[in-house]
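Inspection log for the structure reproduced underneath, given as structure tokens.
Predicted model, so just to flag it, every value in this text is computed and none were measured.
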Amino acid sequence: MHYNSFEIEKKWQHYWQEHAINEPSDDKSKAKKYILSMFPYPSGRIHMGHVRNYSIGDAIARHARTQGFNVLHPIGWDSFGMPAENAAIKHHLHPKKWTYENIDYMRGELESLGLSFSKKREFATSDPLYSKFEQAFIIKMYEKGLLYEKSQTVNWCESCHTVLANEQVIEGCCWRCDNAVALKEMPGYYIKITAYAQELLDDLKTLEKGWPKQVLTMQENWIGRSEGLEFSLALSPDSVEKLGENFDAFTVFTTRADTIYGVTYAALAPEHAIVKYLIEHKLLDEAKISALTAMQNMSERDRGTAQKEGVDLGISVIHPLTGEAIAVWSANFVLAGYGGGAVMSVPAHDERDYEFARKYNLPLKEVIYHDSSDLETSAYTAKGILTNSATFDGMDNEAAKAAVISHFESEGLGKRVVNYKLRDWGISRQRYWGAPIPFVHCSSCGIVPEREENLPITLPDDVEITGEGNPLDSHPAWKQCSCPVCGRDAERETDTMDTFVQSSWYFLRYCSENDPTEAFKKEDVDYWMNVDQYVGGIEHAILHLLYARFFTKALRDLGYISSDEPFANLLTQGMVLKDGAKMSKSKGNTVDPDAIIKEYGADTARLFILFAAPPQKELEWNDSAVEGAFKFIKRFAERAENAQTMQQLPDIDHQALDKNEQLARKKVYEALKKSNEVYAGNFAFNTLVAACMEALNALGSQKNTAVWSEGYFILANVLEPIIPHICWELSERLFNLQNLKAIAIKEEVFIENSLTLAVSINGKRRDEIEVSKDADKETILSLAKEQCAKWLEDKEIIKEIYVPDKLINIVVK
RNA sequence: GCGGAUGUGGUGAAAUUGGUAUACACGCCAGACUUAGGAUCUGGUGCCUCACGGCGUGAAGGUUCAAGUCCUUUCAUCCGCACCA
């Protein structure tokens with residue numbers, strides 16, 4: 001058969017659509033598989049990363065379908081976001097027009113790859129209907145106290161003109177444009193993800209089997225649980241007076257309660273309320289005030305690399321156990337958002353405090369003793385015995401942690417607490433192309449949610465995108481509304497939601513077929529969730545995957561769904577590289593998927609991508625290997641001439657076959673066996689393709705038509721998830737499509753009459769012998785010795801080892 | 001600094017419980033066919049050596065009859081977090 005990829009692919013893409021083979025069944029009694037590749041942002045054209053992502057997901061989905069599962073394999077568009085506005089500024093296109101035109105174009109590109117998506121469930125997150133349900137969720141969260149508004153210091157990206165969540169700041173830079181992030185005090189809406197910190201941490205354990213360890217570790221670190229002592233440091237009477245009696249104490253948190261007697265000073269974040277008060281009321285000299293304001297204005301990134309710096313605030317607190325007065329400083333390395341923005345400082349046993357104390361000549365007090373401790377050169381932070389610590393002296397420091405906390409608790413001085421690094425999720429974005437936050441500012445009622453019957457709050461089309469300011473804010477009429485509570489004139493919130501809100505629940509919307517009345521039906525979600533296999537890039541290890549996990553739990557607690565975790569199994573694919581670097585327009589090393597499909601076909605692109613590396617690893621693009629993939633498909637198509645038309649597997653008397661024929665059958669069934677293994681979990685498609693190539697090579701060294709036919713019956717089945725078009729074509733021509741379902745393995749082909757055993761002398765392989773299947777150990781060993789006589793001359797045999805079916809090892813001296 | 005991962009031919013990569021290292025492919029070499037083509041087919045291809053043979057999975061040790069695989073130490077690369085008290 002002459003291989004014309006273009007005609008074959010067009011024909012089958014049309015057929016699949018016509019026969020709706022990709023649509024799941026409504027029959028909920030069937031066993032299901034929910035296979036999901038992360039949905040794309042419609043940037044304009046697909047790139048090789050998409051091809052890889054969707055080829056992997058499609059192979060898994062197609063395989064599940066041939067195994068008889070009811071398969072949900074949907075696609076949609078993560079279509080709100082900044083690039084649409086950037087395009088609007090650059091090309092004077094409306095973001096909506098740009099976005100939906102991109103979607104139409106990219107949908108065609110994905111179709112040309114032969115991806116078996118369910119069409120009926122497709123949507124874009126910028127569809128008003130999607131916003132409607134999302135806004136309703138947000139209001140529900142607000143009503144349950146899971147969403148609140150506050151003003152605080154936030155991460156501000158000057159180039160995107162918007163606020164960023166903590167997760168979206170990568171090494172002090174914006175996740176999207178890589179610009180340095182500045183700090184800015186602003187009002188915004190926050191989702192209380194911290195209320196779920198413990199559950200998000202605990203449930204990582206339930207994902208250990210299905211998620212890569214790396215992702216679990218990253219999430220664990222991000223949540224950052226730590227246990228310790230929280231207590232109050234009372235200000236001295238003269239300090240209280242100095243602060244106009246506005247403060248009498250501040251709270252600190254420590255994980256080193258055992259070092260409590262080593263405290264020699266305390267330090268406040270530059271943003272701490274006491275520091276702000278001192279500056280406002282000019283209670284410090286000018287040099288100190290300017291030092292403090294400089295510290296406040298420094299970005300988070302610069303603070304991370306800056307030298308330790310501080311200012312003596314001229315106030316003091318009372319040590320809760322000793323009653324001593326302790327100086328209070330403000331230091332640039334104390335974080336405002338963690339543990340109350342204040343710390344107790346133990347320079348003898350904390351590296352940061354040590355460095356700071358050395359710089360400003362503050363006293364050190366040793367309270368943990370160990371032989372290897374040398375406070376002249378560095379802080380001692382490891383294990384030891386307590387000293388200078390009153391009644392705790394002589395205790396092991398680990399035991400002392402608990403003892404000190406108990407002491408604080410029984411004296412009413414403090415308590416054991418758990419702290420998390422995770423912060424609440426700020427979702428306000430000062431941008432146009434996003435889902436409006438459904439709240440109204442009323443001068444008498446304050447901030448109130450919009451009424452559900454008024455949802456969705458949609459974006460106005462008549463805006464000019466200039467990149468300066470938020471068009472919703474400057475729009476003449478859009479924000480004017482009436483208060484949903486009192487009916488008086490009010491103003492809409494003009495911030496829009498972080499686009500990660502949309503991607504936090506899209507997998508739920510797919511469960512029901514684009515229902516206009518509900519986000520999803522509970523019974524559909526109960527049937528389809530959880531996602532059995534999720535496929536996507538490692539770059540979402542924290543961002544999207546943490547938010548989606550949170551949303552699932554929150555929606556569960558709001559009564560919408562029953563899942564605890566959205567994604568049972570996660571496959572993080574590696575990047576596609578060219579010349580050792582990530583493909584990118586700026587480097588000019590991209591390969592256009594459309595061009596590859598045009599030249600070789602979708603099957604070739606898919607085969608190369610799945611064959612060149614295991615999916616989790618980086619994939620180096622290689623033009624001649626692509627050519628090689630094409631040649632394999634061509635050979636596969638041409639050699640189909642050796643097979644005969646049939647509707648089921650032929651009966652073959654294995655014992656009557658010659659050696660090559662038997663080997664060919666064995667290789668074919670090995671490929672089938674491999675297929676079952678690969679889809680059961682490790683997804684090593686590269687080894688599966690190799691097994692198929694071996695099988696085809698083995699078929700080529702024999703001439704038995706029945707063996708050829710059986711081989712094609714099975715290989716077209718095994719390869720269908722990877723190169724579906726050519727496989728359907730061959731299956732139709734040869735087998736009336738009867739081979740595209742689960743095939744049982746015939747174990748008889750693996751039974752051998754004789755075996756080949758390796759013979760090693762002192763562990764080094766020297767020769768091999770062929771023995772009959774039921775030869776006994778003595779016979780085998782004597783044959784081995786006979787055949788390897790030249791290695792045994794003048795040697796004394798010390799030991800003879802026989803590993804059945806594998807090898808013989810003779811140890812000599 | 002902390003955490004995670006990865007080191008195997010010229011290249012991408014294989015290798016059940018420890019059991020014939022380099023499957024499969026790319027590249028390269030030779031040959032066949034040939035309207036001399038970047039087509040197709042056949043054979044070869046870890047390194048050193050004319051050969052016998054020796055050496056080989058980042059490096060060094062160890063356990064074992066047997067180690068890519070297990071243990072210890074170490075080096076390199078990549079990724080993530082980064083003053084979280």
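- A/W425 and A/F500 have their aromatic ring centers separated by at least 6.0 angstrom.
- Only the P atoms considered, B/A59 is 10 Å distant from B/U8, to the nearest whole Å.
- Atom-to-atom, CZ of A/F608 to C1' of B/A25 comes out at 11 Å; the value is rounded to the nearest Å.
- Between the P atoms of B/C65 and B/C29, the separation comes to 47 Å (whole Å).
- Across all strands, A/N686 comes closer than 4.0 Å only to sugar-phosphate atoms, never to a base (heavy-atom distances).
- Rounded to whole Å, the P atom of B/A25 lies 12 Å from the corresponding atom of B/G43.
- Contacts of A/N697 with the nucleic acid, taken as non-hydrogen atoms under 4.0 Å apart, involve only primed sugar atoms and P, OP1 or OP2.
- Between A/K383 and A/E398, no side-chain nitrogen of the basic residue sits less than 4.0 Å from a carboxylate oxygen of the acidic one, so the salt-bridge criterion is not met.
- The CE-P distance, from A/M693 to B/C26, rounds to 7 Å in whole Å.
- Using a 4.0 Å heavy-atom distance criterion, A/E694 is classed as a sugar-phosphate-only contact.
- Rounded to whole Å, the P atom of B/A67 lies 23 Å from the corresponding atom of B/A14.
- In this structure, A/A306 reaches the bases: a heavy-atom distance under 4.0 Å links it to at least one base atom across the strands shown.
- For the pair A/E627 CD and B/G12 P, the computed distance is 20 Å after rounding to whole Å.
- If you check every strand for non-hydrogen atoms under 4.0 Å, A/K617 touches sugar and phosphate atoms only.
- A gap of 14 Å separates the P atoms of B/G68 and B/G9, to the nearest Å.
- Of the candidate nucleotides B/G3, B/A85, B/A82, B/A82 has the atom nearest to the side chain of A/W222.
- To the nearest whole angstrom, the two P atoms, one in B/C55 and one in B/A66, are 15 Å apart.
- To the nearest angstrom, P of B/C83 lies 15 Å from CD of A/Q307.
- Across the protein-nucleic acid pair, A/L546 atom CG and B/C81 atom P stand 13 Å apart, rounded to whole Å.
- Between A/Y354 and A/S345, the side chains place no donor N or O within less than 3.5 Å of an acceptor N or O (distance only, hydrogens not considered).
- In this structure, the CZ atom of A/F636 is 17 Å from the C1' atom of B/A25, given to the nearest Å.
- Taking only side-chain atoms of A/A612, from C-beta outward, the nucleotide of B/A25, B/A14, B/G12 with the closest atom is B/G12.
- Glycosidic conformation of B/G9 is syn; the angle stays within 90° of 0.
- The CZ-P distance, from A/F611 to B/A23, rounds to 12 Å in whole Å.
- The environment of NZ in A/K192 is sparse: at most 12 heavy-atom neighbours from other residues, nucleotides or ligands sit within 6.0 Å.
- Atom name C1', nucleotides B/A36 and B/U45: the rounded distance is 26 Å, in whole Å.
- Of the charged side-chain nitrogens involved, none lies within less than 4.0 Å of a carboxylate oxygen, so that A/E351 and A/R358 do not count as a salt-bridged pair.
- Between A/F356 and A/F333 there is a side-chain heavy-atom pair separated by less than 4.5 Å.
- The same atom, P, is picked in B/U64 and in B/C75; the two are 28 Å apart, to the nearest Å.
- Counting any heavy atom pair closer than 4.0 Å across all strands shown, A/V803 reaches a base atom.
- One interatomic measurement links the two molecules: CG of A/L719 to P of B/C24, which rounds to 16 Å at whole-angstrom precision.
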